[in-house]
Amino acid sequence: MKRTLYLKFLLGYLIFGIFGFILVSTLTNYGLHNQVKTSQAQTLYTECTKIASHYAANYYNGSMELSELHIHLETVSNYMNTQIEVIDTSGRIIIDSNDAEAFQNEKIIEGFNINDFGSKYYITSQFYGRYDEDYLTVFAPITSNYKVRGYVLIHKPMADLNAHTYHLLNVAYITLLLIFLLAFIILLLFSLFIYRPIRKITSVADAYINGDFSQKIDIHTQDEIGHLAAAFDYMANELNTLEDDQRKFVSNVSHDFRSPLTSIKGYVEAILDGTIPYEMQDKYLNIILFETERLNKLTSSILELNKFGSHGKTILYMNNFDINYIIRMIALTFEGICSEKHISIELILSGQNLYVTADMAKIQQVIYNLIDNAIKFSHPDSSITVETTEKNEKVFVSVKDTGIGIPKESLKKIWERFYKTDVSRGKDKRGTGLGLSIVKEIIQAHDENINVISTEGVGTEFIFTLSLSKTQ
């Protein structure tokens with residue numbers, strides 16, 4: 001089995017890590033660099049404005065000596081790790097925090113033009129070639145008597161800002177690494193709780209494809225995967241049962257068809273070749289007719305069973321009818337066979353009429369099958385009791401015989417398709433094993449119940465319910 005799903009998640013995990021690293025090293029790096037530069041420029045500008053509006057302005061007003069201003073700028077410069085300069089409007093350096101003799105040396109910034117700053121209060125450059133590396137330079141004008149007398153410049157190496165950016169970037173890399181490790185833990189949990197169960201399910205599914213329905217999925221979680229595993233187990237059990245049903249079907253139908261076909265073939269050949277004399281042909285033609293009816297009954301039972309299916313829904317044609325009348329009419333149809341077996345049918349019916357709401361044709365089939373079943377397993381000179389009672393808006397119909405009964409181990413199986421109890425115990429071996437299955441399908445389709453009470457050697461009673469009709 002190809003581990004494509006796991007490889008896809010592993011590949012996705014690696015792609016996540018690679019793209020995360022690229023994202024941090026490019027977009028995050030660029031964003032942090034700009035953020036640090038802007039934040040540092042704002043801080044320097046605030047200090048620059050303070051120096052220009054207070055100390056430098058006092059110098060131009062004559063209230064502060066040049067040496068005193070230099071000492072102050074030198075102190076601020078050391079604290080902020082910067083270079084602070086005071087220049088006039090032509091670019092001549094008046095004070096340099098790093099050079100106490102700048103004024104006497106008549107230093108001038110060649111090419112200085114305040115308009116080079118544009119609309120910003122800072123620029124990033126080597127500042128007219130004065131430095132070997134880029135510096136962040138912030139300026140603020142010095143005004144006295146409403147006139148610009150000069151400018152305060154604060155220079156800070158971009159290397160310092162880059163070092164701060166790299167520090168923040170390292171934090172981002174560490175965070176990415178922790179996220180990557182967390183994603184790896186999630187991948188492991190996925191492998192343990194998602195992928196491994198899915199592999200179990202697919203492995204068992206492959207076994208089902210090959211016809212092996214004996215394997216079970218050992219997953220019992222209360223989530224979608226657990227539900228899927230339970231559904232697969234249920235499906236396998238149903239398919240396995242279906243195969244058993246198919247084998248039973250072939251076995252039972254083959255047996256039930258072979259016997260009457262053999263008889264029919266044998267009697268027809270005997271009539272044709274004269275083995276059976278003409279005066280006895282009527283007797284054997286009746287036997288052929290009887291065997292033909294057996295085949296017809298088996299075929300009808302199979303066709304009827306196909307209408308239901310283990311998960312299908314039976315279509316019902318509901319109407320109101322007199323259940324007592326139906327029972328009386330069905331009992332009359334069994335007069336012939338009851339006379340042959342010396343069996344009597346006793347009817348104990350609740351009232352002259354008792355109306356129910358159900359599918360009349362299917363309920364007729366239920367009663368017919370139950371009475372036919374009772375006759376089949378009753379002793380000669382015995383009786384069968386059919387009784388109706390009314391209780392709590394339900395009608396209870398009972399079919400009771402005093403025959404051989406059903407073995408205890410067979411009671412739960414009699415509703416299964418094609419199931420037969422030990423036929424050697426019965427007097428009639430012509431059953432198809434479909435009658436009681438059809439009976440239960442019909443009753444359940446009506447949302448009603450059917451139960452059986454049986455004692456081996458004493459007899460059997462089937463009881464089912466129907467809804468009492470509210471209108472007659």
Side-chain angles (χ1 to χ4, degrees), residues 1-46 80-82 117-127 131-138 154-209 217-232:
M1 182 192 306
K2 295 182 178 179
R3 301 174 55 140
T4 55
L5 183 62
Y6 185 79
L7 291 176
K8 287 178 181 178
F9 274 91
L10 185 60
L11 181 61
Y13 171 74
L14 294 176
I15 292 174
F16 165 76
I18 293 171
F19 275 93
F21 176 79
I22 294 174
L23 185 66
V24 171
S25 60
T26 55
L27 185 61
T28 304
N29 183 23
Y30 176 78
L32 283 176
H33 180 76
N34 285 340
Q35 179 63 29
V36 169
K37 184 173 70 173
T38 303
S39 176
Q40 188 65 49
Q42 181 63 44
T43 301
L44 295 178
Y45 179 72
T46 301
M80 300 182 66
N81 192 28
T82 59
F117 282 85
S119 60
K120 296 182 179 180
Y121 55 86
Y122 68 91
I123 59 173
T124 302
S125 66
Q126 294 180 355
F127 206 68
Y131 304 108
D132 296 330
E133 58 179 325
D134 285 343
Y135 271 68
L136 174 65
T137 301
V138 177
I154 299 181
H155 309 281
K156 189 174 183 65
M158 286 300 298
D160 292 351
L161 275 66
N162 292 336
H164 185 55
T165 301
Y166 294 148
H167 175 73
L168 295 178
L169 196 60
N170 288 335
V171 174
Y173 279 124
I174 293 173
T175 303
L176 176 64
L177 178 61
L178 293 177
I179 294 174
F180 195 65
L181 292 176
L182 179 61
F184 182 74
I185 294 173
I186 294 175
L187 183 64
L188 291 179
L189 293 177
F190 163 81
S191 177
L192 180 63
F193 295 108
I194 305 296
Y195 178 71
R196 287 180 60 186
I198 290 177
R199 276 188 61 83
K200 287 183 180 179
I201 293 174
T202 53
S203 176
V204 174
D206 288 339
Y208 292 166
I209 292 174
I217 304 174
D218 188 22
I219 299 174
H220 307 287
T221 56
Q222 300 299 318
D223 54 16
E224 288 81 356
I225 292 181
H227 178 74
L228 179 62
F232 263 83

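Keep in mind that this is a model prediction, so the values were computed, not measured.
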Legend entry - Between Gln42 and Tyr122: side-chain donor-acceptor atoms closer than 3.5 Å: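 Not at all, the side chains of Gln42 and Tyr122 share no donor-acceptor pair under 3.5 Å.
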
Legend entry - Tyr166-Asn170 side chain donor-acceptor pair, cut-off 3.5 Å: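 No - no donor-acceptor pair under 3.5 Å links their side chains.
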
[X] to [Y] - nearest heavy-atom pair and separation:
X      : Y      : answer
Ala41  : Tyr121 : O-CE1, 3.6 Å
Pro197 : Ile225 : CB-CG2, 3.7 Å
Ile22  : Ser25  : O-OG, 3.1 Å
Leu169 : Val24  : CD1-O, 3.5 Å
Thr28  : Ala172 : CG2-CB, 4.3 Å
Phe16  : Ile179 : CZ-CG2, 3.6 Å

To the nearest 0.5 angstrom, please state how far the [atom1] atom of [X] sits from the [atom2] atom of [Y].
X      : Y      : atom1 : atom2 : value
Ile186 : Leu181 : CD1   : CG    : 11.5 Å
His164 : Leu32  : NE2   : CG    : 9.0 Å
Leu187 : Tyr13  : CG    : OH    : 7.0 Å
Lys37  : Leu44  : NZ    : CG    : 13.0 Å
Ile15  : Leu10  : CD1   : CG    : 10.0 Å
Met158 : Asp160 : CE    : CG    : 9.5 Å

State, yes or no, whether a side-chain contact exists between [X] and [Y] at a heavy-atom distance under 4.5 Å.
X      : Y      : value
Thr137 : Phe117 : yes
Lys156 : Gln40  : yes
Tyr173 : Phe21  : yes

Inset, instruction - For side chain to side chain contact (heavy atoms under 4.5 Å, CB included), just list the numbers for Thr82 and His155, CA-CA rounded to whole Å, side-chain angles, deciding distance to a tenth of an Å, and then say yes or no. - result: CA-CA 6 Å; Thr82 59; His155 309 281; over 6 Å; no

Legend entry - Tyr131 and Tyr135 aromatic centres sub-6.0 Å: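 Yes, they do, as the ring centres are separated by less than 6.0 Å.
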
Inset, instruction - Keeping the roles fixed (side chain from Thr38, backbone from Gln35), state whether a donor-acceptor pair exists under 3.5 Å. - result: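 Checking the backbone N and O of Gln35 against the side chain of Thr38, no donor-acceptor pair under 3.5 Å is found.
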
Legend entry - Stepwise ring-ring contact (aromatic ring centres under 6.0 Å, His included) test for Phe9 and Phe190: CA-CA 9 Å; Phe9 274 91; Phe190 163 81; 4.1 Å; yes

Inset, instruction - Count the heavy atoms belonging to other residues, nucleotides or ligands that lie under 6.0 Å from CD of Gln222, then report whether that count exceeds 12. - result: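 Not buried by this count: 12 neighbours or fewer within 6.0 Å.
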
